[in-house]
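Data first, discussion second: the structure below is written as structure tokens.
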Amino acid sequence: MKARVRYAPSPTGLQHIGSVRTALFNYLFARSQGGSFILRLEDTDRARYSEAYVKNLYDTFKWLGFYWDEGPDTGGPKAPYIQSERFDIYRKHAEQLVQMGKAYYCFCSDDKKFKDNEPENEEIETAGGYGYTRTCRSIDPIEARKRVQLGQAHVIRLKIPLEGSTSFDDVLLGRIEWKNTDINPDPVLLKSDGYPTYHLANVVDDHLMDITHVMRAQEWISSAPLHIIMYEAFGWKAPVLCHLPMVLGEDGHKLSKRHGATAVDEFRKKGYLPAALINYVAMLGCSYEEGRDLFSLPELEKLFLMEKINKAPAIFDYVKLEWFNGQYIRMLTDAELASLVLPYLAEASYISQPPTQKENELLLKLAPLIRDRLRFLSEAPKMLKFLFEEPELPEAVEFIPKKKDALFAYGMLEQALQLLGQADLHDHDACEAAFRAEAEKLGCKLGDLLMPLRVALTGTKVSPPLFHSMALMDRQIIEKRIGAAMEHLKNLEHVGRAKDE
RNA sequence: GUCCCCUUCGUCUAGUGGUUAGGACACCGGGUUUUCAUCCCGGCAACGGGGGUUCAAUUCCCCCAGGGGAUGCCA
């Protein structure tokens, strides 16, 4: 049978690294098998649901470049793919389980003790008072039915066998077995408001949608036996289960906001490329081909092997992701980088949005200046700031090359001004040649000649290549900035003598 | 408390009953370079501990420790 896997997010938060990785592994598995990847919205939590999260879900995956073969938007043979549109199905199945004696009505009031944060609860719990006490399990079914018909508030709970054990074979972890007494006693399947819980909806839908493989994070493993019991109760064949290792933060705990960015949106805004994010996340807890680090999505689809997923949890390394991003930025063409960087420059009001013809040309010339320097796209405005704004004049010290003094810097600027006066700024090669010749004549390093100029023009000692930058600047501005710097140095000349070294 | 899972450089990982335990990021050093960055070269650095099994264990088994997760009318 063709593999059918699903990504089943619940729209109760922004898409984050962990969920995207689960989606990615499912996606890669489906593609590697020539199977189907299905999106199913598990929107059974009314309290936390938000339309905005649904939108975020679509936006995120569109940006990442995933597509699903079946889903709420694309439709498919098992529609609807939104659980809130399938409520009658769940109720029916829950009732069916009651009918079969595998589940029962429970009239206990919603016990919220686990929701408080009162410390004394801990003592109650450590004393052994765990889980539901199965009070209603012994109510006579006929009596229970009567109470339900009378309109008494109730939930439906699954009967976990009181003895014996439940086991399954995890693709990654192998055989896992629980004593039934260790399973969460009689979990709720249908809430008192008539909504299904995750467990019910998930199992019913996976069956009805012919899901063959369930890949989900390892934090779900403890509900696996409960699901197995449900499949057995229905007389259904359970899908193959594969529990993915978790993604942890630097401190070894579940990745969360306090570790830094976790929402895909944050990475997107900061200027990470989808290809980099996918590449990095795909390698978190999984390996593909020895001796290689860079994989495109299509390559990953081809190379993915479920067996190559690791068992151990992986720590998310922001620095390594940054490296991947740099790699992918470097692979961009001028045109690609220009268009990717445009929104950031537009936001800084350096470029209009949409850009004019002239700005487009400029953008194209900007790309090679920053490509090797960017770690993420949002760094671009800062790097190019000097081209669009008058830089602040830094302290005189900044102008002075190592082992030189203010007088020297002043002289260098004077020289530069003169050279530039005769040069064609747009011919950066010729410009450079002229400066080289001059440096040689003066018996100093090219860097010594350029550093004061760099600081004068850009306001910092670190900038994109000078000659290429000047080619994009107006002559008047260049001369004005040099003049200002010289003035600045002149006043502070006396300070320069024993500078740095 | 109880249950479940996990354990190779700081991090992500490769790998095998006999290997100089490989790669990548980070870090350190060097080179290229007009600064920075890129790029290139080199270096540092790991099989958690204890028992077995075996001629031989990082690799197989057991125990321990450590880490993580779960224990909801949230998913």
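Here the structure is a predicted model, which is why all the values come from computation and not from measurement. Each chain gets a letter, A, B and so on, in the order its sequence line appears, and its residues count up from 1.
Across all strands shown, nothing is found opposite B/C36 as a Watson-Crick or G-U wobble partner with both distances under 3.5 Å. Across all strands shown, nothing is found opposite B/U53 as a Watson-Crick or G-U wobble partner with both distances under 3.5 Å. B/G66 is paired with B/C6 under the Watson-Crick or G-U wobble criterion, all donor-acceptor distances under 3.5 Å.
For B/C73, the base has a donor-acceptor partner in the side chain of A/S192 [N/O atoms by modelled type, under 3.5 angstrom]. Not a single donor-acceptor pair, N or O on each side, falls under 3.5 Å between the base of B/A26 and the side chain of A/K320.
Comment: A/R258 engages A/D251 in a salt bridge, judged by a side-chain N to carboxylate O separation of less than 4.0 angstrom. A salt bridge does not link A/R436 with A/E440: every distance from a Lys NZ or Arg NE/NH1/NH2 to an Asp or Glu carboxylate oxygen is 4.0 Å or more.
Remark: A/H253 is in phosphate contact with B/G68, judged by side-chain N or O atoms under 4.0 Å from OP1 or OP2. For B/A75, one of the phosphate oxygens OP1 or OP2 lies less than 4.0 angstrom from a side-chain nitrogen or oxygen of A/T44. In this structure, A/S287 reaches the B/A14 phosphate: one of its side-chain N or O atoms is under 4.0 Å from OP1 or OP2. Of the side-chain N and O atoms in A/K179, none sit less than 4.0 angstrom from OP1 or OP2 of B/U2.
In this structure, the side chain to side chain contact (heavy atoms under 4.5 Å, CB included) partners of A/K270, at least two apart in sequence or on a different chain, are A/Y272, A/F376, A/S378. Residues passing the side chain to side chain contact (heavy atoms under 4.5 Å, CB included) test with A/P381 are A/Y344, A/L345, A/A348, A/Y350, sequence neighbours excluded. Looking at residues two or more places apart in sequence or on another chain, you find a salt bridge (Lys or Arg N to Asp or Glu O under 4.0 Å) between A/R91 and A/E95. By the salt bridge (Lys or Arg N to Asp or Glu O under 4.0 Å) test, A/E250 pairs with no residue at all, sequence neighbours left out.
For A/R147 and A/Y105, the positive end is not near the middle of the six-membered ring at less than 6.0 Å and at most 45° from its axis.
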Readout for nucleotides 43-50 of chain B: B = base within 4.0 Å of protein heavy atom, S = sugar-phosphate only, - = neither; 5' to 3' it is --------
With B for base contact, S for sugar-phosphate-only contact and - for none (protein heavy atoms under 4.0 Å), nucleotides 27-42 of chain B reads -------BBBBSS---
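Side-chain contact of A/Y280 with A/N325: a donor-acceptor pair under 3.5 Å is absent, judged by distance alone.
With both ends at atom C1', the span from B/G49 to B/G1 equals 26 Å, rounded to whole Å.
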